Structures are given as C-alpha cells and as structure tokens.
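Read through the structure below, which is laid out as structure tokens, and then see the notes.
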Amino acid sequence: MDEIKKAIIPVAGLGTRFLPLSKSVPKELWPLVDKPVVQYIIEEAKDSGIKEIIFVIKPRDKALANYYKNSPELEKILKDRKKDRILEDVKKLDDLLGEISFSYVAQNKPLGDGHAVLQAAKKVKKDEPVACMFADDVVYSKVPCILQLGKIFKTCQKPVIAMHKLPKEKLHSYGIAEVEKIANRHYKIRKIIEKPEPEKAPSDLAIVGKYILSPEVFSYLKKAKTGFKGEIILAETFERMLKDGKLIYGYEFEGKWLECGNKLEWLKSNMFLGLNHPQFGQELRKFLKESI
Ligand code: UTP
C-alpha cells in the first residue's frame, strides 16, 4: 500500500501566462537549458522509484507523445553521420522509456488541475496512493522531491503536500498553508489560503505542485463541485477535506524550487540551471559577468 509506483502529471492546462508562445508549444515542452521542462519531472519520478506515469493531456494533443516516441530513422541518420554525442543524447530518451511506462488520458476541457487529476482516476487502483506532479514545478535537490514526500507518506498514510518557504513579498501570488509543526520540515496543515495579502498570510510556506495523493483525495475529487471560476482545483479539494477534519501533511522539501509556470520564473530557472550546468556553466558565468 505504501510504495508509490505511479505518478499523474497533468499537462492539459491552457498555460495562459505563456501566451501567445504556448499556443503552439505547450509549456511542459519548453526548454529548461537543454531539456524540456517535463523531462526534469520525469527524471525526478524515475529517481523516486516511480514505474508508471499517467499524463493528462488535451484531447488529440500528440506533442508530448511525439517527443517521447522512439526515433529509429533519426538514430540511423545520426549513426551514419557519426554524430555519436548527439546520438547518445537521443538514445537516453529510449533508455528512459525502458525503465518507466507512459500512458495518456484526455481532459476534454481545461476545467482545473483537480479535474485533470480526476481524469486519471480510472488508471489508479482503489486503494493505491499516487504521486501527482505539476508539469511546471521543478525541484533541484540531492534527494528527489517526490521521494522525500513518499517517505513522509510511508509514516503517515495521509496526503502529503510539498511546501517551500518564500519571502513575504511573494506570498500574495501563491497558496499559503496555515500549519502546525510536528517535526523538522514536517507539518500538519490546518488551512490553505489562496493568494493572501502579505499581512494576512498564515505562514511563509507556499504550496508547490507536488503531492502524494491517498485514495481519499479521489473520493473528494469525485464529489467536488466547480468553484466560481468553473474549475475543480486540487487545493480547494484539500481545503474541503481539512474542513471535514481530515489529516493532510505538508513537507518543506530540501532543495531549490525552480518555477517554470510564468515567463520571469522560467527565465530565472534557466539561468540557475545554466550557471550550474557541467558543460555550459563556466562559459555562461563569464558571459554574464561581461554582460552586466
Ligand atoms: P496551472 O495552474 O499552472 O495552470 O496548472 P495552466 O493552465 O497550466 O497555466 P496558467 O495558469 O493558465 O498560466 C498546474 C498544472 O495543472 C495542469 C497544467 O498543465 C499544469 O501542469 N492543468 C491545469 C491541467 O492539466 N488541466 C487544467 O484544466 C488546469
């Protein structure tokens, strides 16, 4: 019951903060230095022991599947042209597919992140906990973030939400948790307040889009009603559960949160990873010094 083997990655959102760019290239396929953002999420899942990923996609959207499908013709061309280094990179994608299986379910309309997660319910067993990873939240860490959350789930068997401390001036853009500390980095969540004014924020702990969902979360999602924006939002479902006295834990993960959900944060995340990149880092640092 407590080994997390499946992850849901919803990628059916409109990505309005990236329009008009996201009209043709969905934000999960945008590059983060030299890989698409979603690749970091998939690697995190794999390194956390996940064996199966369920993507929730827009109807008929083939972009993600095209990226991950095998490409024998391309590989042959690269081999014939002796582009060994590039061939190695392309083959790494095939290797990944040998270790982890992908499946796809459609969300017919973008009716919210919670509604997207619900579309994957048919691929999850009744008593099975699953990881849920939003496609625009990358974490740079020694221990993969979802593995950190999984360890907490093992001890408590209740939903676990990733959290990260933010400076006061940023709190108004995030869901902020009211918490009771129970151990180092480990909290009981009392309430989630969406985008509070800084002086009304109940803590400095923001909700990050990585979760371990227990079967009970799906029961709540199934009966959830759309909110005032006409969407079913995961955070609102957690709030409903908390009001019913259900236990939900928060874990302040170890690592750096690299947001990729809006243009500025995506640029910053590119910079951070670029500067720390084994191949490009040194040259980029030099370039940056010269440029400012
Ligand atoms: P976001 O809150 O970032 O929404 O979704 P969004 O639509 O992608 O982007 P903005 O806010 O309009 O700029 C968090 C995660 O949930 C998925 C997104 O693809 C992202 O991975 N999502 C969101 C869905 O799959 N379906 C939805 O209806 C909404």
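Everything numeric in this text was worked out from a predicted model, so none of it was measured. Residue indices begin at 1 and follow the sequence shown. When a ligand or atom number is given, it counts from 1 through the structure's own listing order.
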From the options Ala135, Gly112, Ser22, select the one whose nearest heavy atom is closest to atom 27 (C) of ligand 1.
-> Gly112
Who's closest to atom 20 (C) of ligand 1 heavy-atom-wise, of Pro110, Pro10, Gly13?
-> Pro10
Nearest-0.5 Å distance, CD1 of residue Ile42 to CG of residue Leu93 | 9.0 Å
Under 3.5 Å: N/O of Asp113 near N/O of ligand 1 = no
The side-chain contact (heavy atoms from CB on, under 4.5 Å) partners of Ile193 (sequence neighbours excluded) come to Lys191, Pro196, Pro202
In terms of ring plane angle, is the pair His164 and Phe253 parallel, tilted or perpendicular, where the classes change at 30° and 60°?
-> parallel
Describe, in one word, how the ring planes of Phe102 and Tyr104 are oriented to each other, choosing from parallel (under 30°), tilted (30 to 60°) and perpendicular (over 60°).
-> perpendicular
With a 4.0 Å cut-off on heavy atoms, is Gly15 touching ligand 1?
-> yes
Heavy-atom contact under 4.0 Å between Glu28 and ligand 1?
-> no
Is a side-chain N or O of Glu128 found less than 3.5 angstrom from the main chain of Lys125, in a donor-acceptor match?
-> yes
So, the side chain of Gln148 versus the backbone of Val143: is there a donor-acceptor pair under 3.5 Å, distance only?
-> yes
Given side chain to side chain donor-acceptor pair (under 3.5 Å), test Glu259 with Tyr174 step by step and report yes or no.
-> CA-CA 12 Å; Glu259 272 187 79; Tyr174 299 85; 2.5 Å; yes
Here the pair of heavy atoms bringing Ser48 nearest to Ile146 is OG-CG2, 2.8 Å
What is the closest protein heavy atom to atom 1 (P) of ligand 1, and at what distance does it sit?
-> Arg17 NH2, 3.9 Å
When distances are taken from atom 15 (C) of ligand 1, the protein heavy atom at minimum range is Phe134 CG, 3.6 Å
Quick check on contacts: which atoms of ligand 1 are under 4.0 angstrom from a heavy atom of [X]?
X      : answer
Asp136 : 3 (O)
Thr16  : 9 (O), 10 (P), 12 (O), 13 (O)
Ala116 : 24 (C), 25 (O), 26 (N)
Leu111 : 28 (O)

Given side chains that start at C-beta, do those of Ile9 and Ile41 come closer than 4.5 Å, heavy atoms only?
-> yes
Is it the side chain (CB and beyond), the backbone, both or neither of [X] that lies under 4.0 Å from ligand 1, heavy atoms counted?
X      : result
Lys27  : side chain
Gln107 : side chain
Ala12  : both

Given the protein's heavy atoms, is any one of them under 4.0 Å from atom 7 (O) of ligand 1?
-> yes
Are Asp244 and Tyr220 close enough that a side-chain donor and a side-chain acceptor fall under 3.5 Å?
-> yes
